[in-house]
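Data block below; observations after.
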Amino acid sequence: MIPNYSGHKVAGGKTEMSNKYSPENIELKWQRYWEENASYQATEAPDKPKYYLLEMFPYPSGRIHMGHVRNYCIGDVIARYKRMQGYNVLHPMGWDAFGLPAENAAIKHRTHPASWTQKNIAYMRRQLQRMGYSYDWTRELSTADPQYYRWEQLIFIKMYERGLVYKKKSPLNWCPSCKTVLANEQVEGGGCWRCDTSVVQKDLEQWFFRITAYADELLKFCDELHASAGSGWPERVITMQKNWIGKSEGVEVDFPVIGFNKPIRIFTTRPDTIYGATFVILAPEHPLLRELVGGEPNEEEILAFAEGERQVDRITRTAADREKVGYPAGRYAINPYTNQRIPIWVANFVLPEYGTGAIMSVPTHDQRDFEFAKKYGIPLQVVIQPQGEPLKEETMTAAHEGEGVLVNSDIFSGMGNEEAKGAIIEYTENRGWGERKVNYRLRDWGISRQRYWGAPIPIVYCERCGTLPVSEADLPVVLPAKIEFPADGHSPLPEMEDFVNTTCPKCGGRAARDTDTMDTFVESSWYFARFTCVKYTAGPFDPKAASYWLPVDQYVGGIEHAILHLLYARFYTKVMRDLGFLELDEPFSALLTQGMVIKDGAKMSKSKGNVVDPNDLISEYGADTVRLFSLFASPPERDLEWSEEGVEGSFRFLSRVFRLLEKFDFILIQPKQFDLPNTLKHLQNKELRRQVHRTIKKVTEDIERRFHFNTAIAAIMELVNALYLYEPPAAADDEAQAVVHEALGSVALLLSPFVPHIAEELWERLGNPPGIFEQPWPKYQDDLVMLEKITLVVQVNGKLRARIEVSANPAPEEHKTMALQDDRIRKYVEGKHIRKVIYVPKKLVNIVVVA
RNA sequence: GCGAGAGUGGCGGAAUUGGCAGACGCGCAGGACUUAGGAUCCUGUGGGGUAACCUGUGUGGGUUCAACUCCCACCUCUCGCACCA
């Protein structure tokens with residue numbers, strides 16, 4: 001379906017070429033021009049206001065997909081628009097180059113991850129350049145470059161010195177066949193995604209970033225990002241982050257155990273229900289379990305159950321619909337509040353890593369406890385009565401988790417439950433039974449990966465001195481290039497003696513390197529800051545450049561990174577601030593999350609077979625058409641339904657724009673300076689000019705206020721339609737020439753952020769020197785935008801009955817009178833009592849009548 | 001289950017602060033040009049009715065002179081979280 005754009009033949013020696021819209025010629029011409037003139041290079045200019053626009057950089061998987069295209073089109077509009085608004089714009093691009101697919105490709109195709117990645121980068125860079133994005137390519141970076149990750153290693157060392165990095169044993173998904181750790185999302189139905197072998201839990205020594213130390217600040221700043229609503233972060237991303245951090249306030253309490261010298265410490269957010277705690281449950285991993293059940297009749301059974309649970313992968317383990325299973329430990333605790341003897345249980349739904357790994361169980365006021373108690377016949381005790389029908393233990397079919405008044409709660413009986421929470425915590429602290437405690441759902445960030453293709457962790461283990469960071473002078477710890485990949489997929493690093501064997505930075509003795517690499521989310525947690533000074537060698541950041549450009553004024557990317565990447569980057573920013581590298585609390589002042597690209601009702605994916613390749617579109621229609629359609633079909637934050645007809649429509653529009661040159665050929669034969677008089681003689685000139693200025697206003701506001709490019713483009717389409725309908729009063733008349741020239745120039749300027757190539761071409765053909773991107777954004781004249789005549793809507797009892805053309809600025813009474821005098825209106829009003837006349841200035845008159 | 005968002009013609013979508021519902025595009029129909037048109041240009045296009053007019057933004061109610069927009073209840077879809085004590 002290649003469009004046939006062989007328009008009519010032009011007589012008189014002009015080549016056909018010059019008059020038909022031939023995107024490829026135009027686009028390559030201007031891409032070359034921009035490159036040769038270094039058009040988009042950014043340099044710090046303290047006298048100019050800066051604007052840092054960033055799109056989420058891609059993983060170099062091989063080729064650009066439509067999701068990237070949409071993301072980068074949105075970003076490019078904003079970057080180009082801001083540039084024309086006079087900002088000094090930084091708009092960089094780079095590569096999130098470490099990661100698993102490179103390693104998998106290496107094993108599969110017997111290539112090197114580095115060369116595979118290099119090849120992909122080269123190809124994708126060409127694709128992006130072919131799209132005409134206004135990147136400053138001199139700032140391109142790749143995270144796999146030792147000159148990049150050396151600073152990551154430095155930051156790691158500084159974090160280590162500050163206690164923000166630590167090592168601990170933690171359970172991981174492990175595939176025994178592939179001999180590697182799997183991320184949670186790589187475990188499918190309990191099996192390895194690659195070989196389907198059952199995944200086991202394995203305890204491994206891992207490095208962790210202490211993100212929990214920043215939990216409160218990350219939470220607090222959520223509100224500040226939100227406070228700048230409209231220009232800040234989308235509400236739902238903030239909500240997701242808040243939920244992820246999951247702050248909960250409660251209390252930790254010791255429950256003594258009968259015949260045992262250590263108490264069990266539990267955490268609860270519901271101290272108001274503590275008098276109803278009729279049992280205690282431990283997680284299977286609870287450290288006291290073995291000791292507690294030692295010698296009990298069912299010891300072996302319980303320990304076997306606990307061991308079985310340890311082996312279950314985290315996904316299954318924490319699934320909400322998993323059946324609750326437990327065993328009585330055979331021992332009893334004392335509820336210190338009631339002095340009652342209550343049984344101790346072990347159950348699969350209690351998680352070792354949250355709170356204290358032990359809970360008090362209140363079946364009457366917690367649904368999970370209720371189900372568990374019913375299943376195992378554990379007694380219930382109501383301690384909160386809601387309004388209305390009183391709760392009875394025997395007849396309850398579900399827990400009452402809501403509000404109420406305390407009963408059976410000693411001195412707290414009669415108190416409202418919200419009030420009781422604080423009172424009981426205070427009581428607890430006074431008695432020394434426990435203390436107030438804040439818990440987070442957020443866990444420290446495990447960053448060790450048993451993988452080759454990542455940034456090496458700069459740690460050595462010395463036989464004499466123990467665990468030590470690599471000395472700063474020895475950075476970077478470079479990933480060895482010469483490698484043989486074991487066929488089973490495990491990392492080659494541990495077996496590479498040249499790499500592993502090193503000397504201790506302290507005693508000079510024999511030492512071994514850590515052979516894990518860092519999670520690739522670490523690289524993407526600071527790349528935005530490195531873009532301000534990619535070539536700086538004295539440290540990770542050039543303080544002058546960083547403080548000039550940061551924070552990112554507008555970040556654009558997919559919603560799928562709403563939690564992990566954005567939370568990590570926020571955390572890392574605060575860490576870098578506290579290490580003295582940056583002076584910055586938050587990395588991204590504003591965030592725009594674009595919707596997915598959909599085709600036939602589903603997200604584009606290889607498995608669905610509904611993928612559209614940008615290359616095919618570019619060769620068929622050109623980059624400008626692809627850009628235009630991705631921006632026109634829906635507003636950025638919504639999903640975009642791909643439509644071949646819609647793409648053709650966009651192409652048709654651009655051809656139509658280009659043919660304007662032909663229509664106004666006779667006017668534009670002699671480009672010259674046109675002066676526009678304040679008052680125009682001809683009505684059609686006046687009207688065209690008014691529409692030009694109204695369009696400038698509309699497009700400016702749509703971009704500026706809400707990034708609604710679809711309506712901005714629609715307005716330009718209307719202007720183009722008006723130009724087609726426009727007939728000059730007399731050919732080549734000066735006034736007409738001037739008006740048309742302004743109109744065509746405005747079309748080019750207004751289009752330039754969206755479809756820069758054709759805009760440049762138009763601009764040049766209108767007789768201007770090349771470089772539309774350096775032009776100031778057009779301004780509208782307020783007095784021209786005002787209409788002299790308006791359509792006044794006249795309603796009777798709220799129903800539209802007439803539209804009348806009136807002059808815009810008479811006294812209010814006049815519009816009312818005109819409305820009442822209209823024939824069509826008189827018909828409805830005659831013989832009735834006019835109760836009220838509502839007048840909305842310059843818009844509407846509503847006459848309220850009664851019969 | 002909890003949280004967030006959405007529901008408007010045949011389709012993508014517009015209506016910015018409660019004030020003309022359906023901008024713009026696609027599709028469709030008619031016309032012009034043409035040997036031809038799947039190119040281009042013009043016109044029309046929510047539904048019903050010859051018409052005056054009636055009706056219409058997921059459903060039902062409410063507030064208002066006036067509701068796609070605000071309030072209450074419900075239905076459907078999408079996304080996120082989901083045993084976190």
Between atom [atom1] of [X] and atom [atom2] of [Y], what is the distance when rounded to the nearest 0.5 Å?
X	Y	atom1	atom2	answer
Phe629(A)	Phe651(A)	CZ	CZ	15.0 Å
Ser634(A)	Arg70(A)	OG	CZ	4.5 Å
Cys222(A)	Arg570(A)	SG	CZ	4.5 Å
Lys437(A)	Ile425(A)	NZ	CD1	13.0 Å

Quick check: any donor-acceptor pair below 3.5 Å linking the side-chain of Arg803(A) to the base of C20(B)? yes

**Report entry** Any N/O donor-acceptor pair, Lys324(A) side-chain to C83(B) base, under 3.5 Å
**Finding:** yes

In Watson-Crick or G-U wobble terms, both distances under 3.5 Å, what is the partner of [N]?
N	answer
U16(B)	none
C11(B)	G25(B)
U50(B)	none
U40(B)	A32(B)
G1(B)	C81(B)
C70(B)	G62(B)

Nearest-Å distance once atom [atom1] is located in both [N] and [M]:
N	M	atom1	result
A39(B)	A6(B)	C1'	40 Å
A21(B)	G3(B)	P	36 Å
G12(B)	U63(B)	P	34 Å

Point to revise | Carboxylate-amine/guanidinium contact Lys599(A) Glu644(A), below 4.0 Å | key: no

Categorize [X] for me: base, sugar-phosphate, or nothing, with a 4.0 angstrom heavy-atom threshold over every strand shown.
X	result
Glu353(A)	nothing
Ser361(A)	nothing
Ile716(A)	nothing
Val848(A)	sugar-phosphate
Val350(A)	base
Asn439(A)	nothing
Phe653(A)	nothing
Lys698(A)	base

Looking only at side-chain N and O atoms, does [X] come under 4.0 Å of OP1 or OP2 in [N]?
X	N	answer
Lys836(A)	C65(B)	yes
Thr239(A)	G80(B)	no
Arg659(A)	C41(B)	yes

Testing C79(B), A85(B), C41(B) for proximity to the side chain of Phe349(A), the answer is A85(B)

d([atom1], [X]; [atom2], [N]) in whole Å:
X	N	atom1	atom2	answer
Ile245(A)	G3(B)	CD1	P	19 Å
Tyr354(A)	A85(B)	OH	C1'	7 Å
Asn710(A)	C11(B)	CG	P	18 Å

Which pairs, protein N/O on one side and nucleotides 44-54 of chain B N/O on the other, fall under 3.5 Å?
| from | atom 1 | to | atom 2 | distance (Å) |
| --- | --- | --- | --- | --- |
| C53(B) | OP1 | Tyr828(A) | OH | 3.1 |
| C54(B) | OP1 | Arg801(A) | NH2 | 3.3 |
| C54(B) | OP2 | Arg801(A) | NH1 | 3.1 |

With a cut-off of 6.0 Å (strictly less than), are more than 12 heavy atoms of other residues, nucleotides or ligands near CZ of Arg835(A)? no

Do the side chains of Lys324(A) and Lys375(A) get nearer than 4.5 Å, heavy atoms only?
no

ask   = Do Glu371(A) and Gln367(A) meet the criterion of a side-chain donor-acceptor pair at a distance under 3.5 Å?
value = yes

message: If we count only N and O atoms by modelled type, under 3.5 Å, do the side chains of Tyr275(A) and Asn335(A) hold a donor and an acceptor together?
response: no

How are the rings of Phe709(A) and Phe754(A) set relative to one another: parallel (under 30°), tilted (30 to 60°) or perpendicular (over 60°)?
-> perpendicular

Per the under-4.0 Å heavy-atom filter, residues of residues 268-277 of chain A near RNA chain B come out as Thr268(A), Thr269(A)

Polar atom pairs between nucleotides 24-28 of chain B and protein, under 3.5 Å, N or O only, would you list them?
| from | atom 1 | to | atom 2 | distance (Å) |
| --- | --- | --- | --- | --- |
| G25(B) | OP1 | Asn721(A) | ND2 | 3.2 |
| C26(B) | OP1 | Arg652(A) | NE | 3.3 |
| C26(B) | OP1 | Arg652(A) | NH2 | 2.9 |
| G27(B) | OP2 | Arg652(A) | NH2 | 3.1 |

request  = Assert yes or no for the condition that the ring centre distance of Phe279(A) to Tyr376(A) is strictly below 6.0 Å.
outcome  = no

For Tyr21(A) and Ser655(A) the tightest heavy-atom approach is CD2-OG, 3.7 Å

